[in-house]
Amino acid sequence: MIRRHVVVSGTVQGVFFRDSCRQLAVEHAVAGWVANRPDGTVEVVFEGAPERVGPLLDWVREGPPLASVDTVTVQEEEPQGLTGFEVR
């Protein structure tokens, strides 16, 4: 089990980033959450098996079709045993 805390910048709000992220996380059986931040970035936490989290980390570098991702910051954290995936 791994946990990754991600901050994505660029044109990432108002382009279905959060909902698309939630859908993919559910499809990949990855727990966590996604939220818009006041500074215009999107913050995401993924928890799951490395082979399931990896594709989601690849996806956030592109985002949904209307997004334009500038930077992605990924931090490793200790898993907290999250279940489900929510949009905050």
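Just so it is clear, the structure is predicted and the values come from calculations on it, not from any experiment.
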Q: Might you point out which heavy atoms bring Arg52 and Ala29 nearest each other, and give the distance in Å?
A: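 The pair with the smallest heavy-atom distance is NH1-CB, 3.8 Å.
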Q: May I have all residue pairs that pass salt bridge (Lys or Arg N to Asp or Glu O under 4.0 Å) and include part of residues 10-21, sequence neighbours excluded?
A: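 Every salt bridge (Lys or Arg N to Asp or Glu O under 4.0 Å) pair that includes a residue of residues 10-21, provided the two are not neighbours, is Asp19-Arg22.
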Q | Listed partners of Arg61 passing side-chain contact (heavy atoms from CB on, under 4.5 Å), at least two apart | A |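 Counting only residues at least two positions away or on another chain, Arg61 forms a side-chain contact (heavy atoms from CB on, under 4.5 Å) with Leu57, Val72, Val74.
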**Q.** Partner set under side-chain contact (heavy atoms from CB on, under 4.5 Å) for Glu27, not counting sequence neighbours
**A.**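 Leu24.
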Going only through I, L, V, M, F, W and Y residues with side-chain contacts under 4.5 Å, is there a path from [X] to [Y]?
X	Y	result
Val69	Val45	no
Val60	Trp33	no
Leu56	Phe16	no

(Q) Just checking Glu76: does its CD atom have more than 12 heavy atoms from other residues, nucleotides or ligands closer to it than 6.0 angstrom? (A)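 It does not: Glu76 CD has 12 such atoms or fewer within range.
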Contacts table for residues 2-15: side-chain donor-acceptor under 3.5 angstrom, sequence neighbours left out:
| from | atom 1 | to | atom 2 | distance (Å) |
| --- | --- | --- | --- | --- |
| Arg3 | NE | Glu77 | OE1 | 2.8 |
| Arg3 | NH1 | Glu47 | OE2 | 2.6 |
| His5 | ND1 | Glu77 | OE2 | 2.9 |
| His5 | NE2 | Glu43 | OE2 | 2.5 |
| Ser9 | OG | Thr71 | N | 3.4 |
| Ser9 | OG | Thr71 | OG1 | 2.4 |
| Gln13 | NE2 | Arg37 | O | 2.9 |
| Gln13 | NE2 | Thr41 | O | 2.8 |

Q: Determine which pairs satisfy ring-ring contact (aromatic ring centres under 6.0 Å, His included) with at least one residue from residues 46-67, sequence neighbours left out, and list them in order.
A: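 Pairs touching residues 46-67 that pass the test: Phe17-Trp59.
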Under 3.5 Å, which donor-acceptor pairs link side chains of residues 78-88 to any protein atom two or more places apart or in another chain?
| from | atom 1 | to | atom 2 | distance (Å) |
| --- | --- | --- | --- | --- |
| Glu86 | OE2 | Arg88 | NE | 3.3 |
| Glu86 | OE2 | Arg88 | NH2 | 3.4 |

